[in-house]
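In listed order, ligands and their atoms are each counted from 1. These figures come from a predicted structure and were not determined experimentally.
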Amino acid sequence: MRVAVIGGGLAGLTFAKHASEFADVILIEPNDFMVCQALLPELLSGKVNIEDLCVSIGEFCDDFGVEHVRDKATGIGNGIVFTEKKEIECEFAVIAVGAETNYYGIEGAERTYNVNTLEETLKAKKALDNAEDIVVVGSGLTGVEVALELAELGYGVKVVEAMDRILPTFSPKVSNFVYKIMMKEGIEVNTSTAVVRVEEDGVVTNKGKISCDLVMWCAGLKPSEFVRNLDVPKERGWVKVDETLKANGFFAFGDCAHVEVDGKVATKTALEARSQAKHSAENLKRMLRGDSPKPYRIRSSVDRPIAMIMLARGRAIMIYGGFVITKPMGLIYRMKKWAIERFLGYFRP
Ligand SMILES: Cc1cc2nc3c(=O)[nH]c(=O)nc-3n(C[C@H](O)[C@H](O)[C@H](O)COP(=O)(O)OP(=O)(O)OC[C@H]3O[C@@H](n4cnc5c(N)ncnc54)[C@H](O)[C@@H]3O)c2cc1C
């Protein structure tokens, strides 16, 4: 069976590795490297190098007998994946195209910097050379990690958050704990403050202008162009899969998918991306045997997330279901680094 995997991020590579055991896999991915996004804030601050967070897709494909088509998919037809350069015939296709930076249509926001991709992070790192005061827009996991990394380097950091507390998707206990650390680091936190426009020398908010030399945009994600053009069921633009992770005859998983099972919604995290990809590969195998696909079980849901948040200076905390583990932060940091290394080792020869 010829299976096309659209997107070679964490989810796509995980699926490709498992599916290569029982199918001919074609990976459609424009980049030569898979990037571990969790380390991008530390790439920004210079704690890690590019090679620490990249997996060579060429080596991965050689190792697992996967064909790499270095191209961007534009659509799916009847047994065909259309790319910018050609048409690829396949018997089954899976969608793992991740997400894009969401600027919410805010004027000037597209000129800001972010850490969502390797290229964007390197661009931001270069721009930091000529900056002293930085505004970080958004205080989810990425915004908090970026703000603390930059504060550790000695930049003046101001965080702007539209909601009434930082880390709004986590419990108030997590928010309060991290808020106190940000205060100690001298970070100015502006909650209930919404950016309405980005200008050359700062951001204009509903409460007035905040001047700075550089704006880091960590305010959220939106579905990619490929997903926007796809004729499948959607939830707020994301591919809405059923409990077996299927939508209109495709599997979709990772950041591009809205996964809702038994009233729980999966978080857009590496843990979920990998677990959904593995489950989809197992389901495809079952379908090939003539068995029906099994329902997926969410591990990290929006109401009970699993996450480790890095807080700079070799510190991290862990959120596991309803619990917050804040001690010892040095050990939790080392655990996170170890988990990432193991995670990347999974794709390396
Ligand atoms: C700064 C940052 C920090 C993070 N920290 C953590 C963390 O600490 N813990 C955690 O669990 N999660 C973290 N995440 C989230 C985690 O990285 C993502 O959930 C995970 O990478 C999702 O995997 P994915 O394969 O769905 O998407 P991605 O890894 O984004 O991969 C999508 C791939 O699809 C490709 N693609 C896109 N469009 C097309 C197309 N049209 N055709 C072909 N290919 C296409 C892209 O080039 C990309 O390679 C973080 C994310 C960011 C941005």
Side-chain angles (χ1 to χ4, degrees), residues 4-16 26-44 53-55 57 68-76 81-85 88 93-102 113-121 124 136 138 140-146 149 216-221 223-230 238-239 252-257 259 266-277 280 299-300 305-311 316-319 332-333 335-337 339-340 343-344 347:
V5 179
I6 307 172
L10 264 178
L13 286 202
T14 304
F15 180 93
I26 308 144
L27 179 70
I28 304 163
E29 163 63 50
N31 296 306
D32 282 330
F33 293 95
M34 191 276 280
V35 173
C36 173
Q37 293 169 331
L39 288 178
L40 290 173
E42 285 200 338
L43 180 70
L44 182 73
L53 50 86
C54 288
V55 169
I57 290 186
H68 182 196
V69 175
R70 198 173 180 277
D71 202 356
K72 207 167 169 184
T74 51
I76 310 182
V81 177
F82 299 95
T83 72
E84 284 177 344
K85 294 184 206 135
I88 298 163
V94 302
I95 303 160
V97 291
E100 284 176 6
T101 307
N102 198 347
Y113 295 89
N114 67 68
V115 289
N116 289 340
T117 64
L118 178 64
E119 295 72 29
E120 291 292 339
T121 309
V136 177
L141 183 147
T142 304
V144 160
E145 290 189 347
V146 165
E149 287 297 325
M216 292 297 304
W217 195 263
C218 307
L221 299 170
S224 71
E225 194 189 348
F226 179 81
V227 167
R228 289 201 294 276
N229 294 334
L230 209 59
W238 308 104
V239 180
F253 41 81
D255 281 5
C256 68
V259 179
T267 54
K268 296 200 183 298
T269 52
L271 176 77
E272 271 299 315
R274 193 170 152 197
S275 158
Q276 292 166 19
S280 300
R299 294 175 70 193
S300 170
I306 299 176
M308 285 198 240
I309 307 177
M310 297 209 263
L311 302 174
I317 56 168
M318 185 172 183
I319 293 103
I332 300 169
Y333 174 80
M335 272 170 61
K336 175 152 183 176
K337 297 288 277 202
I340 290 173
F343 199 54
L344 291 176
F347 302 111

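Within ligand 1, counting atoms from 1 as listed, the ones closer than 4.0 Å to a heavy atom of A270 are 10 (C), 11 (O), 12 (N), 16 (C), 19 (O). Close approach of ligand 1 to I28 is summarised as follows: ligand atoms under 4.0 Å from at least one heavy atom of the residue are 43 (C), 44 (N). Close contacts between ligand 1 and A273 involve ligand atoms 22 (C), 23 (O) [criterion: under 4.0 Å to a heavy atom]. Atoms of ligand 1 lying under 4.0 Å from at least one heavy atom of N31, given by number and element, are 47 (O). For ligand 1, the atoms sitting less than 4.0 Å from at least one non-hydrogen atom of G9 are 25 (O), 29 (O), 31 (O), 33 (C), 49 (O), numbered in the order shown with element in parentheses.
Atom 35 (C) of ligand 1 has its nearest heavy-atom neighbour, among K268, E29, E145, R274, in E29.
Put simply, the side chain of Q276 never gets that close to the backbone of A11: no donor and acceptor are under 3.5 Å apart. With D71 contributing its side chain and T83 its backbone, the two residues share no donor-acceptor pair below 3.5 Å.
Using a 4.0 angstrom heavy-atom cutoff, A96 counts as in contact with ligand 1. The closest approach between any non-hydrogen atom of A307 and ligand 1 is not below 4.0 Å.
For atom 14 (N) of ligand 1, the nearest protein heavy atom is 4.0 Å or more away.
Annotation: salt bridge (charged side-chain N to carboxylate O under 4.0 Å, His left out) contacts involving residues 27-44, sequence neighbours excluded, comprise D32-R70, E42-K337.
The protein heavy-atom contact nearest to atom 53 (C) of ligand 1 is N116 OD1, 3.5 Å. Protein heavy atom at the shortest distance from atom 42 (N) of ligand 1 is A73 N, 2.9 Å. At the shortest separation from atom 39 (C) of ligand 1 among protein heavy atoms lies V97 CG1, 3.7 Å. Scanning the protein for heavy atoms near atom 26 (O) of ligand 1, the closest one is D255 N, 2.8 Å.
Residue K336 touches ligand 1 through its side chain alone, judged by heavy-atom distances below 4.0 Å. Proximity of T83 to ligand 1, defined as any heavy-atom pair under 4.0 Å, is not found for any part of the residue.
In terms of the side chain to side chain donor-acceptor pair (under 3.5 Å) criterion, residue partners of T267 (sequence neighbours excluded) are, by chain and number, T269, S300.
In this structure, L118 and F33 have side chains that are not in contact, with every pair of non-hydrogen atoms separated by 4.5 Å or more.
In terms of polar-atom proximity, defined here as any N/O pair under 3.5 Å, A99 makes no such contact with ligand 1.
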